[in-house]
Structures are given as C-alpha cells and as structure tokens.
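Shown next, in structure tokens, is the structure this report addresses.
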Amino acid sequence: MAWFKRQAGELDTSGERKVRTEGLWVKCDGCRQIIWKKDLEDNLNVCPKCDKHFRIDARTRLAQLLDDNRFEVDDGDLSSTDPLSFVDLKPYSSRLRQAQTDTGLQDAVINARGHLQGRPVIVSAMEYSFIGGSMGAVVGEAITRAVERAADVRVPLIIVSASGGARMMEGLISLMQLAKISAALARLDEARVPYISVLTDPTTGGVTASFAMLGDLNIAEPGALIGFAGPRVIEQTIRQKLPPGFQRSEFLLEHGMLDAVVHRKELKPYIARALDFMVQAA
Ligand SMILES: [Zn+2]
C-alpha cells in the first residue's frame, strides 16, 4: 500500500520556512534580490524592489491596521481539546503545544478591538504559522464570537484570512465551522453591519469556501494564493495545464471573484474609505 502510506518526510505545518526570515538579510522570492531585513520591515514587509508582499504574522498585521498599535484582545483563552485524539506522525496534542509555544497564541487567530484611522473596528487576524492557519473548533468559535460581537455593538468587522483551510486533525468538527461562521455572518448582514474580508497569502480550502468570500467587500493583497484546492491537485484532476497566474489575486479579480487587489500600503486608507461609504449608505 505504498500509494496510501506517507513514506518519508514529516508534514511541514510550520508555515514559512524559517531560514528566510532569520538574520539580517532576506532573499526575496520575487526578484531574487538580497534585502536588508530592516528595509523590508520599514516597508511593511513588502519588497522595496519588486513589491512582493511577504507573509506577516497576526500581531504585525494588527499593528499595521490599527491606530498606534493599540487594541484589546478578546477570546485569547480558547484552546483546542483534541476532540478526536488524533494522531498522524505525531499526536495532534503535541503539535498544538508546539505551535502554542512557537507563536505564544492558543490557536490560529487573534480577535482584536481597536480603531482604524479613528473608526472603531473589530478585527480577526489569522496566524498562518500556527499549523498553517488551519481552522478547527477554536478558530471557528473565535471568529463566530467576533462576528456576533460586531453585530451586538454595531461595529464593522474585518477578517484578515491567512489559512490552508479546515484543520484535518479535527475532522468533521472543523468542517462544521464553515456553516457556523457563515450563519453568524448572515445574521450580521441582517443587522446591516459591514464586514470586509481581506484575503492574504495564502487563503485556501474551507476558509475560501466560507467566510473569506462572504464579505460585503472582498479584497486581497497582490500576488496572494487564493483558491479552494491547490493548483497541483486541480492539474492532476482535470489533466490540463493551468493558465499562468492561476489562483493569484490578480487572476481572481479579472474573473470577478474579488472586488479589489489592494497594495499593503494602501490597505488601511482603502478600508477606511470603504467603511465611510458603507456606514453612510446604511
Ligand atoms: Zn523582490
């Protein structure tokens, strides 16, 4: 059963390869140039030479979006119970502990309340380095709470997605989160509170198939991988070569799947303008 068993190599869920971000210099995947890390950080982690948007963690994201890097965190105490006692190459419980130690978070999302250019907002920012930003019961519950909070206090909601999709170690329970969050978003819609979805690299699987595409406005960062199944799986299934740029933000915009592709530098003013427009319209 060699085709069925994984033969070698452990599943890498650590997110971005660490070698790229260590030390003083970073090599850009986009233009192959060597960039001084400080220059990259000063430029919002966007390559100053070719504009490639590097992945950033949830805390950096919140710091970039919210005024003066000041915000209150909610629901930070939720953590997974490993409902299936799942074991692949190592137990899910030890994977969780490792991710918690590495990121200082309980799971792959941070719920924050703060201000965006003076406007009150509720933000859920996903953390890709926590088991690939995968959505299990905790991410699902945390995002649902953010949605419900937004509806209760009538404050606009922003969800910044960065996720490989549902968390396979929680099986069906992770799939239930798609329906749960979508239902909460439907109630937010009825309450006429705006929801802006920001899709970043990568947004795939069950996250794309639920809340990431349900915004009143769906916007993405340039060059982000966005899709349901990965390009390799699709190619193998349909036995056709995919067009260049397939499943990247720009391709999706061209095909009507997104409302806009927004440069990271423009993201904050863009959201502020959109909120003004939506709140006035309401
Ligand atoms: Zn570059």
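Note that these values count all heavy atoms, side chains included, but never hydrogens, waters or copies made by symmetry. Remember, it's 1-based here, ligands and their atoms both numbered in the order they're listed. Position 1 is the first residue of the sequence; numbering continues from there.
- Side-chain contact of Ser80 with Glu170: a donor-acceptor pair under 3.5 Å is present, judged by distance alone.
- Sorted by first then second residue, the salt bridge (Lys or Arg N to Asp or Glu O under 4.0 Å) pairs that include residues 152-164, not counting sequence neighbours, number zero.
- Using cut-offs of 30° and 60° on the angle between ring planes, the pair Trp36 and Trp25 is tilted.
- Using a 4.5 Å heavy-atom cutoff, the side chains of Ile196 and Leu157 are not in contact.
- A 4.5 Å side-chain heavy-atom check between Val139 and Leu78 finds every atom pair outside the cut-off.
- Neighbouring protein atoms of the Zn ion (ligand 1) (N, O or S, distance under 2.8 Å, waters ignored): Cys28 SG, Cys31 SG, Cys47 SG, Cys50 SG.
- Between Ile219 and the choices Leu253, Leu267, Leu199, Ile158, the side-chain contact (heavy atoms from CB on, under 4.5 Å) rule is met once, by Leu267.
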